[in-house]
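In listed order, ligands and their atoms are each counted from 1. Side-chain atoms are counted along with the backbone in the values below, which use heavy atoms only and exclude waters and symmetry mates.
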Amino acid sequence: MSPKLDEYDRKRDFERTAEPSGRTASSDSGRLYVIHKHAASRLHYDLRLEHDGVLMSWAVPKGPSLDTRERRLAVHVEDPPLDYGAFEGVIPEGEYGGGTVMVWDRGTWSPHGDVVEAMAAGKLVFDLEGDKLTGRFALIHTGARKGGRERNQWLLIKEKDDLVRPSAEYVVTEELPDSAATGRTMDEIASEEEPDVPFEKGT
Ligand code: MN
């Protein structure tokens, strides 16, 4: 097991949750992108970007926006294994992150420049090619100068391009609420209805 996944593994009891106890690996693209919609104690969206065999992840309470003026808090959290990108289902109550998990969007991503350098510098600019989100976004680290508990705080911001949509006229999380993988609603996933289409791993 890779030490990269230690924190992910430590938080979970794989006898109780159906989440994958995966190993590091690469997808066919090497650049898997997923946003999970996660109804834990609070609903949030988990942005996941494949890098170096795991999924770099940020929990975004309000989810992504296509409006460049919306600066969405994004808390950098532990990396799950690559297999996690295909997970859609229910984490049992009482377990870490207990609640319903949906594959809200998925596709591929492309960083602008070197990922390791961008992460160290606290500004990662990237393009998404997903079912719902496309175009250029940025993750900006804001927590460093504050120290302490806020050190994991970043902002997810839509960068200017042809795909910007002002929030006053279009809110992507409201317009497109259902699973990109199975078309299911959160309620349908919660009630463990079988998907209409076979669920394929990865993109
Ligand atoms: Mn989550």
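Checking Arg12 against Thr17 by side-chain atom types alone, no donor-acceptor pair falls below 3.5 Å. The closest side-chain donor-acceptor pair between His112 and Asp127 falls under 3.5 angstrom. In this structure, a donor-acceptor pair under 3.5 Å is present between the side chains of Glu88 and Ser179.
Taking both residues in full, the closest heavy atoms of Lys37 and Pro177 are given as NZ-O, 3.0 Å, listed atom of the first, atom of the second, then distance.
With hydrogens and angles ignored, the 3.5 Å screen pairs no side-chain donor or acceptor of Asn152 with any backbone N or O of Val75.
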Side-chain donor-acceptor pairs of residues 91-104 under 3.5 Å, sequence neighbours excluded:
from: Glu95; atom 1: OE2; to: Arg16; atom 2: NE; distance (Å): 2.5
from: Tyr96; atom 1: OH; to: Lys11; atom 2: NZ; distance (Å): 3.4
from: Trp104; atom 1: NE1; to: Leu176; atom 2: O; distance (Å): 2.6

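The number of protein N/O/S atoms found under 2.8 Å from the Mn ion (ligand 1) is 3.
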